Each structure stands twice: as C-alpha cells, then as structure tokens.
Protein chains: 2
Amino acid sequence: MSPNVPENNIDVLVIGAGPAGLMAALWFSELGINARVIDKRGSKIFNGQADGIHTRTLEIFDSFGMAKNILSQSSTFVEHCTWVPTEKGGIHRVKTMPAFAADDSRFQPQTIHQGRIESIFLDGIKARSNLKVERGVEPISIELDRGAIEDPDAYPITLTLRHLKRADVTSQVIRSHWKAPKREEQTGVNGHHDGPKINQLHEKFDEHERTEIVRAKYVLGCEGAHSWTRRQLGFQMEGDTTDSIWGVMDVNLITNWPDTRKFSSIQSEHGAMLIVPRENRLNRIYIQLADNETGKSASEKLNLTSADIFSTAQKIMSPYLFDYAYCDWWTVFRVGQRVADRYEQDQRIFLAGDAVHTHTPKAGQGMNVSMQDTFNLCWKIAGVLNSEYSRAILKTYEAERRAVALQLISIDAELTQALEGRPTQDELHQLYRARRQFLSGIVTYEPNILVARSRQSSLGRCPSCGGSSAVVAEPGVAKFITLGARFSSYEVVCQADARLWQTQDWLKSDGRWRVIVFGGDVASTGQLARANKLGMDLVRVLGKFEAHKMKSKFEIFFLHSSKREQVEITDFEGPFFPLDLNFGHDYERVFADTDNASSTSGNSHGFYGVDSTRGALLLTRPDQHVGWMGEYEELRNLERYLEGVFL
Amino acid sequence: MSPNVPENNIDVLVIGAGPAGLMAALWFSELGINARVIDKRGSKIFNGQADGIHTRTLEIFDSFGMAKNILSQSSTFVEHCTWVPTEKGGIHRVKTMPAFAADDSRFQPQTIHQGRIESIFLDGIKARSNLKVERGVEPISIELDRGAIEDPDAYPITLTLRHLKRADVTSQVIRSHWKAPKREEQTGVNGHHDGPKINQLHEKFDEHERTEIVRAKYVLGCEGAHSWTRRQLGFQMEGDTTDSIWGVMDVNLITNWPDTRKFSSIQSEHGAMLIVPRENRLNRIYIQLADNETGKSASEKLNLTSADIFSTAQKIMSPYLFDYAYCDWWTVFRVGQRVADRYEQDQRIFLAGDAVHTHTPKAGQGMNVSMQDTFNLCWKIAGVLNSEYSRAILKTYEAERRAVALQLISIDAELTQALEGRPTQDELHQLYRARRQFLSGIVTYEPNILVARSRQSSLGRCPSCGGSSAVVAEPGVAKFITLGARFSSYEVVCQADARLWQTQDWLKSDGRWRVIVFGGDVASTGQLARANKLGMDLVRVLGKFEAHKMKSKFEIFFLHSSKREQVEITDFEGPFFPLDLNFGHDYERVFADTDNASSTSGNSHGFYGVDSTRGALLLTRPDQHVGWMGEYEELRNLERYLEGVFL
C-alpha cells in the first residue's frame, strides 16, 4: 500500500445505510460499539421505496423508545376493504374488516415512506452516539484473513474504501411531478410535504477522490439487492428464475371513491390493484403489470411511464372519478423471489436485508424483514466484541434469519398462486389469516445455542448452528409462550404504584437479558417464601455472568397472580425489592394483574398459560425472544444455558 | 431620558419566567406575537418548589402537543392511601382508593418538580419561535399613558429595565444535601438525577449594569407572591390575616413503609403529614408546622431546619423505619390565603399566578391555577394585537380568573377547617369528591362576551365585564355540556380511516375556534341534507370573520350518531369533506361513534346529552371552553356571538 493511504482500525464496518444498515447502527450506538456506516449514495432516501411497517417492527422500535416517532407521522390502516366487479361493469365494495394482524400485538400496521424511517433511525442514532453515516463512500476491495478469525484481538478483514468526490456522488432520483400545474391559491395540507428537498444534501464531500484502508473485526453488507459484498463473497441467490413486474405510484388522489384511507384490494375486469393509505393524504397504488399488460415483453413493461400506470388504474377504478395533481414518487420494477445460499462468511462478514432476500411487495414485508435481520444480529456481535459472549452464538444469525426468508418466499409464492387462482374474498382472507402472525413479523427460531430445546424433543447438537442445544427447557410451564418466539405483551399493574405497564415495556433494547419470574399465588406464605428463595438463588446464579459491576447484563421482573391488595411490596426480598443505599428501594420489579379482567388484562398467568399457583421462570434474550423456560427448581438448566452463551 | 439609554418598542413584555410567565410565552410563541420575557433570577428553577400537575393542566399541555413530555418523566399517582393511628400506638392503613379526579379527564394527576415543567416550556417555546428568556433583568419603573389605552397603534406602557451585571445576579439556592456520605459503590437509579447543576447557568450576562427603556402595548406581571408590578399598581391582597407555616422536603426515602409510591395522608398522634410520590424515586413530604410545633412562634418555626422537619416526620411514621440519604430540596414557608382586589389595569397591564393569589399547598393547586391564568389570557391579547378581536374581550380575564381564585381560597379554607375538625376518612373523601372537578382544574366561566347567556337566564349586559351577553345559547341541546366550561373529551372514530380520536384532539391550542357539529342520525336522508345545508351556511357565516386567507381562524368537526357503515365519507359536502385541488380531500372532518359501546366510547350523543336524531351546534374558544351552543337553525345567534368578539 502507498504510504499516503490512511489506515484505520474499526470494530464494525456497516456497508449501506438503508433500513437494515441503520438498524445495525442503532444497536451499535446503543451498545457503545466502535462502528462506521458508509453508503455510496449522496443522501438518504427522500420519498418512495418501501412503506409498510408491521406490528413486530413497531414493537422493536418501541423497545428503543422510538415507536412514537413513527406513530406520530405514519398512516394507520385499521380496516381492509375488498372491491370486486359488479355484473353491470364497474366495481363495488363487498367487505370491510379489521386489517389483518391486529390481534397479534398491541400495535396496528402503519404505512410511512422509507425516507422517514431513515430519518427516525438517524435521530435515534444521534441521541445515542456520535456515529454519523458517511455518504459518498464505497468499498472497492475486501479481504478476510481466515487464519485470524478466532482471534478476539485481530482485525481480520481488510477493506479499501473510495471516498467519491462531490461530482461523482449520486443522490436518489426524486421522481415527483405535478400532473396539472400546482394551484397556488389552495391552502396546503396539514403537516409538511416531503417533496424534493435537495438542500438536505448538506453532508460535506471531498473535492478530490481519495482512498482509505480500513481493518475491521466485523463487516455487514446491507447494500440491497445488488450487494457488492455478496458478489465479493460469491454467494448465490437461489429461487425463482422468473421475475414479476410492478408499477407503483405515490399520489395525492382526487377522487369520489370512498376508501382511500383504508387498505384496499380491488379486482376488476381490467386487472387487480392494491391501494394503501399513506401520510400527508398520499396513497400508494400497486399494479402487477403481468396482469395488465400481458401482450408486452418484460423490457417493454419496464419502460412504462407513470401515465401508463395511472391510466390502467383509472380503468380499474371506473366509473369512479380517479385522478391526481401531485405524484410524490413512482417506479416500475421487476422482482424475483430469491434467497441467498449463505448469509455469512466465517462469522466475520455478514449480509442482511435485500442483499440476501428479494420478493414481491404484495405483503409489504421487505423493509420489515430487513430491519429484523440486523435487529437479530447486532446485539450478538456487540456482546462478542465486548468479550461477554462466546463467538459460537454468531452462527445463530444465519440459522435464525435465513429460515425466516425461506418461509417468506414460500408464503409469497403461496399468495401469488392463490391470487392467480382468482380466489373468493373469503378464501383470500382465510389465507391471510393463516399467515397473519408471520406476516406481522412474529416468527419462531428453532432450537440452537440461544434457544433451549424442549424437554420433549430429541437430544443432541443444534442441527442448524452446530452449537450445543443440550440445554433443555420445559415448555409445559408456560403453554402459550413459544420457545424461540418473542415474548408477547400483556397489560399488568405495578404492585407499588398501581400504574399500568405492558410486559413488553420490561424488555427495552439495551443489550440486557431479562429473567421473568411468574410468581404464582404469593398470597400463600409457602409460595411467597419459595419465590423469595428463588430470588436469592437468581442473584447467585446470574452474578456468575456479570462482567461489569456498573451495568448489569440482567434484569429481573416478578409477576404474581394474587390480588394486589393481598400482598405488600415490602413482602418481597432480594432482587424483587432491591435497596439502593443512596436513592432508596426500586419499586418497579414486582407486578400484579389489573383489577378488571378483560381479554388484554387481569389474568396474566392464564394468558401466558402459566400455573397460577406455582408460577414459572423464563429468560428473554436482548431481542425479546424467549431463550429458556422452566420450573423454579430447574434453575440449573438456566445456568447451563448461560454457560453456553457467556464467556 | 439620557440619549445613551436604548429604547425599544415591543408588543408584550412578560415579567417573570415561572410557570405563569412561561405559559404566556408559549402562547405568544405559538401565535407569532412580538413578546419578551424577563426574569430577575439568573437561572430557571432546578429543584423543589411546586410539583403537582392536575388533569386539566395535562389537557392544556396536550393541546400544545406537550403532555407526553410531562408524562415521560413525571410520577403518576393512581391511588390515594390513608393512614391513621392504631390503638397501640403507631399507624396503620385504613383505605386505598383511586386518586381523586381520575374520572373527570382522560389523564391522571402527576407530580414533577417545577424545574422540569419550566424546561418543558422552554423546549416548547424553542420549537415555535426565537423567543428567549432574558435572565438577570428587572423592571425599575413603569408608567401607563391612560390617554392612549384604546389606541391600537400606541405603546402606552413605558418601562425602565435594569440589566444586572453578572455579579449581582442571584440564582436559585439549591438546597440539596446528603444526610450520610454518598455511597459510591452503589449503582445509580434509572434516569438522571437533577441535583445541583450550576453549569446550566450558561446564559450570557453583562459585565456592567445597564438600563433600557421599553415601550409596550401590554405588560404581564408574573413574578410570584412578591410581585413588583402589583406593588407599582397599588393593588391589595385581600383575605386571611393569619399565615400557616409548612415544612416541605424532597427526599429519596429509605423505608420499609409500603406506600411511598402512592399519594398518602397520614394522621398520627404526633401530627399529620402528606407524602407524595415523585420522579426518580423521590418523595415529597409536607408537614403543617402549626400542627406540630404549637409552642413556637412563627419566626421560630421559620427557622426550623431540615433535621427538625424530618425528625417530626420520623415520629409520625413510627414504628416504620423512615430515613433518607439524599435530600433534593427542602424549605419552611409561611402562606396566607389571599386574592388580589384587581387583576388588571385598563386592560393593558395584567397580573397572573402567585402575584394575585396565594394559598396553602394542601391541594397542590398553585402551579396549575397560575398556568391556567395565562392560558386564559394570552390568546385574547394575541388576537387583539393581531387586529382580530375587540379589546372588549380583555375584560373577561379578570372576570373569569379572579372568580376561580376566590373559589380556590374558599375550598382551601373549607379543607383546612375540615382537617382541623379531625374528620373521619370517609368524611374527608366525601369532601374531596365534592370538590374534585374544581381541584382537577375543571372550572366554569360565567356568562360574558365570550360565554353566551343561557336562554333561561335574564337579559342584559354581562355583570362581570360589562360586555354584551345579549347573545343567547340553548343549553338544552347538549345537556351534559356546560356553557363556559371546557369541552370534555370522548373517544370517537374517524369516518374515513377508522382510527380512534379523542374529541379533545380536535381542540389544538393554535388560536383557532372550533365549530363542532353534532350530526345526529345522518343515515336518514332528511338529516343528512339538513346537515349538509348547515355546512354551506357555516361557510358563509364564518367566512365573514376570516381576516387571513391562508390560516383560517375556524375549524369545523362533524360527529354523527349513525352507524359508521350506514354512511360513506363521500356523502358529506362542503366543509365536512373539503377538497384541496393539489392534495385531495381532507378526510379528518367527519367522525362517528366506535363500534363497541362503553362508558368512554360508543355513544357520543348520549355522553354529551345531544339529541341523537337532530344533533346540535357548538362553538369552542381557542382555550377549549364552550362559548355558545344551539340548534342548527339558531346559527344567527352564533353569528351574533362572533360579531361581539371579532372586529
């Protein structure tokens, strides 16, 4: 290397600052990791692109304290309408029903364009660290020293980065236009419109191109479908060879059709269309062009204009008035349904997001699954970098997330096939309902070093990651909690102050593991003593895995099934009512059921399927997924689980 | 005047940057008024002082989009406990019940110290304008040119301001201390502790004292109980001549007493005490020293130390362990129950907050009533300054708010007297329940130019402000809405997108008036036509009062009683479904009941006492108070109301 080329060591380099890369950056910022994020583009996304936010994604944002930032500007779709042809031509509404997924989470699905999600990420990162996205920077070479991959002090990956000079940096093309001239005399809509904002391109760029050598411990390739990192690694995208072609527009509709503010599926003799409500009175319309332009070749379809797409839309919506003045973004794109054969190289270089899975936009999954990839990965990398966890846990990323992508492709294919079969609305809704949990992002990871094996399953090593899954759990203690799935939320009340909490409020994304003690009937003296003894045992066991005194890696929450007034907060001991000699007791460890029983509160032990007398014990990972569960007396198995994970 | 003394014209000068002054500044920032805020002190409050936030105050913060800023850091008190002496000595709990006021608002009472409220105000002001509080500045003379008070272009008030030099500026004395040395090995509590933060004193100060002449259109004196402005005007405080003396401490308790996280009243043979939960595991304790130190003179009591106060507290709480390590703030103060004889001079100089009313802290009212004073006043001043409203409306401030202060003193006296009579807990709770609405801040203003007169009452001029109250309203159209009270909130659903709203969400504090149309049963064609015709009439009538094209002074909301699926959003016309030719229809004007009826939703017309067939028409002022109501056919009376207010 030339002596003039600067060289830098870095713990993690994230390539690509889309949703997957920014979720990685958020985790690394939260956990104090020395990371850099580079992106070839000169700016963040301003409009268009992905726009669906499913409920699990909102749970994840909420765990970072950021769901409110989405909800304050997104469009909620509460209801789903279906329209079909009438006998005399035209279309009519046949059904309005609650949007799918509403009952799997305390959140409802939202729409908001990718640019705003990126802004919310950037705000969250700024609140946590000095990490800044470096734009106009691209990698041009990458090398992995395979001899050093198990050395915790080595920087086994060497990259050359090119810092583009300003003139060479490309920004997102802002495909907005006015169909008719803008009426200046009109008052604007409430809230601001994103429109073209080139002046957001305020980052500093170099006047001259330069290169830099970076040595990294870990690299994440999050550059989207055309991933440079994937090509360097030689991984293959596997799956369908045929692509479907879609026309998409984000427009402010001017229409007398009544359902613009609902998620609507329209079938007509001119083809099918999806209409999705969006922020700022926008609507997104999706037309699968294969359905509507069958006489054309793929490349002819790809050359269709916004006028072509909208004219098809107008035919579908006839006889309703259907027009627009402002189009915020539009595109025609082709997409196949494919998953990469591998997600990582030697647990040092990882791929995530569109770089490893592509599929149709029908179920609005893309951005969600991509962010969930790095949400799964980065707390693991951070813990390894902080010398807390064994490197063995890094194998669980590919095992856990590639299985999700394969399942997504299979469901996408199933939906496509079903749609081609011209199903009845009832059939279609049955299908959506059956896949609802998965489409909401509620997935289950198979047993591995981070997901204990059910006592009922066979012994042995984890088939997917090769790690030890010799640790057994007893799923019978919480029948409605699934090992490997995220801990679902329920409304409970704080014993000491009577305030309402969601149990997911316990599970903040701050890198900590949570031990949830279902306390059973602590109004019985015997059970109270049993629980308080468990508390002391927990302090002893968890203490073995505490490396840092000042910030514990564990938090303990206690949820009992007795009436709140039958016990006092002062009945609880040790970790359930800890005393800080400076600032007094911690009153937010012990929780009870609300006084009023409903489907969402009042009977937590019943909701989770836990014995309301004896209780149970459960461990959630830093990503809210359940790693282990069992009886109080099975604490030794929890200890074995932690021995497998912690150094 | 010396030619070296700078002279400036300003629309409003606010003297004092406590909660009352900052609420004024928030309004003026929101409404684009050229205002300055000065404060003699060198810094905002950091700890101690007032700490109760009642539900109406939260509604007001919410109308500025700022309730979440309080709720994210305050302590909620959900439950109220009462403790009394046992026969064998010591104390025991006799009752736990919901904190009073819980059912008057969708919010619950909170506690948070005044310094944080001031910070939230400063953030809200910064988000709206460039207005900055000028610290270390005090007025030394004020003159009012009474010949110019009705001239809208005049600056009839002349003040001399002294800018103190740095050495002369006093900051708040931070009365925090450690009783025992801080234990460094302890981990801190979650969240940051406010403690001493002298470095927040970052404002720039002059090296040399200087003076400045300011000519103002309006002046607000918000400097607290020792108001300079009040003394210059020669107004008198009237009321009790005896003062009561209170000891107050904010401490992190170390105790085995279980109710620190609840609002608790303790009676014991050693005296009575209130314990209030606070942020960061703090508790505030209040002891009325008259009860406990009867042998001492007032000045002896005023010289009591924190050790004296806490030792009394320990006696009261015996046999519980009751101690602390950290005290965030403490004080001993004397207070009388008094109200100023006048609130304003010639509707040019106004007083607000502690400058015009003082009372005991028993019901936690002080900060709330003070902020509500300027919340009432400043949209009126802003509208007059913007040439929108007649100056006659300014007389309503004293009429409306002095009546509230008098009522507060009377209730305070009633509570004090009741407590001295050693009432049973049931008697005490009956009393609190009876005064609950008022203590929550839910007050009713008497008829005046801004509150129409009920058809049933006698004709004539408004007795309090002398303005016209010849405008009649028909309170019978909405039996559970009170003319002059704030419009209470109810859960409804947006017709077009099925999202849930609170009706108070309509009533943002942005200076606009709202016409709320109760639509009745619009599934009937006749009623739909009647409502749509009303819409057209409203456009005509309200149009007369619109001075600015770009920002309307009115917003219209439509709430009907039919099933949502019986009508389409496209059935509504004119202002109920307005079309913007650039951005499409406004879908957030028409609302319906939720599908599931409960006490808080599903039957809005029933909740508000409106005929569910015919509907009704209602006007809210920019402060959410109901100014007028009537039948659709009484629109002419609404027009008369507006003719009295608007220029």
Side-chain angles (χ1 to χ4, degrees), chain A residues 65 68 72 75-79 96 98-99 108 178 180 182-183 185-190 193 251-262 277 280-283 324-326 493-500 549-552 565 568-571 579-588, chain B residues 68 72 75-79 96 98-99 108 178 180 182-190 193 251-262 277 280-283 324-326 493-500 549-552 565 568-571 579-588:
Chain A
K68 58 181 185 297
S72 64
S75 180
T76 306
F77 44 100
V78 184
E79 289 179 335
T96 301
Q108 292 174 308
W178 289 91
K182 184 178 180 184
R183 317 270 182 132
E185 75 276 18
Q186 289 288 320
T187 58
V189 291
N190 293 328
H193 215 267
V251 284
N252 281 99
L253 289 173
I254 291 174
T255 179
N256 60 355
W257 179 71
D259 284 349
T260 63
R261 297 292 97 198
K262 298 173 181 176
N280 282 343
R281 300 191 201 173
L282 282 169
N283 276 95
Y324 71 91
Y326 177 71
V493 61
C494 180
Q495 174 76 34
D497 66 13
R499 275 191 306 154
L500 296 174
K549 263 195 114 170
M550 288 309 288
K551 182 159 184 188
S552 170
E565 61 271 21
E568 300 285 356
I569 181 65
T570 45
D571 291 336
L579 175 64
D580 176 305
L581 290 174
N582 290 320
F583 297 114
H585 283 283
D586 184 343
Y587 290 91
E588 299 186 341
Chain B
K68 58 181 185 295
S72 65
S75 180
T76 306
F77 43 99
V78 184
E79 289 180 335
T96 301
Q108 291 174 308
W178 289 91
K182 183 178 180 184
R183 316 269 182 134
E184 290 302 339
E185 75 277 15
Q186 288 288 321
T187 59
V189 290
N190 294 328
H193 215 267
V251 284
N252 280 100
L253 289 173
I254 292 174
T255 180
N256 60 355
W257 179 72
D259 284 349
T260 64
R261 298 291 98 199
K262 298 174 182 177
N280 283 343
R281 300 190 201 174
L282 283 168
N283 276 96
Y324 72 90
Y326 178 71
V493 61
C494 181
Q495 174 75 34
D497 66 13
R499 274 191 306 153
L500 296 174
K549 263 193 112 168
M550 290 309 286
K551 182 159 184 190
S552 171
E565 61 272 21
E568 299 286 356
I569 181 65
T570 45
D571 292 335
L579 176 64
D580 176 304
L581 290 173
N582 290 321
F583 298 114
H585 284 283
D586 183 344
Y587 290 91
E588 299 186 342

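Scope of the values below: all heavy atoms of this structure, side chains included, with no hydrogens, waters or symmetry mates. Keep in mind that what you see is a predicted model, and the values were worked out from it rather than measured. Quick note on labels: first sequence line is chain A, next is B, and so on, each numbered from 1.
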Legend entry - Interatomic distance, B/Arg261 atom CZ to A/Cys494 atom SG [nearest 0.5 angstrom]: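 Going from CZ on B/Arg261 over to SG on A/Cys494, the span is 9.5 Å.
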
Legend entry - Separation of A/Trp257 CH2 from B/Glu568 CD (nearest 0.5 Å):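 Rounded to the nearest 0.5 Å, the CD-CH2 separation comes out at 10.5 Å.
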
Inset, instruction - Among the options B/Leu253, B/Asn283, B/Thr76, pick out the one with the most heavy-atom pairs lying under 4.5 Å from chain A. - result: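 Heavy-atom pairs under 4.5 Å are most numerous for B/Thr76.
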
For [X] and [Y], which heavy atoms make the closest approach, and how far apart are they?
{"X": "A/Pro258", "Y": "B/Ile569", "value": "O-CG2, 3.5 Å"}
{"X": "B/Asn256", "Y": "A/Thr570", "value": "O-CG2, 3.2 Å"}
{"X": "B/Asn582", "Y": "A/Ala325", "value": "O-CB, 3.6 Å"}
{"X": "B/Lys262", "Y": "A/Ala496", "value": "CE-O, 3.2 Å"}

Inset, instruction - Please flag which part of A/Gln495 lies under 4.5 Å from any non-hydrogen atom of chain B: side chain, backbone, both or neither. - result: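 It is the backbone, since no side chain atom gets that close.
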
Legend entry - Pair A/Asp580 + B/Arg281, salt bridge at N-O below 4.0 Å: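 Judged by the 4.0 Å cut-off on N to carboxylate O distance, A/Asp580 and B/Arg281 do not form a salt bridge.
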
Legend entry - Which portion of B/Thr255 sits near chain A, non-hydrogen atoms under 4.5 angstrom: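 Its backbone and side chain both get close to chain A.
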
Inset, instruction - Let me see the working for A/Ile254 and B/Leu579 under side chain to side chain contact (heavy atoms under 4.5 Å, CB included), right down to the final yes or no. - result: CA-CA 8 Å; A/Ile254 291 174; B/Leu579 176 64; 4.1 Å; yes

Inset, instruction - Could you tell me whether the side chain of B/Asn252 and the main chain of A/Phe583 form a donor-acceptor pair under 3.5 Å? - result: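 Pair found, side chain donor or acceptor close to backbone of A/Phe583.
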
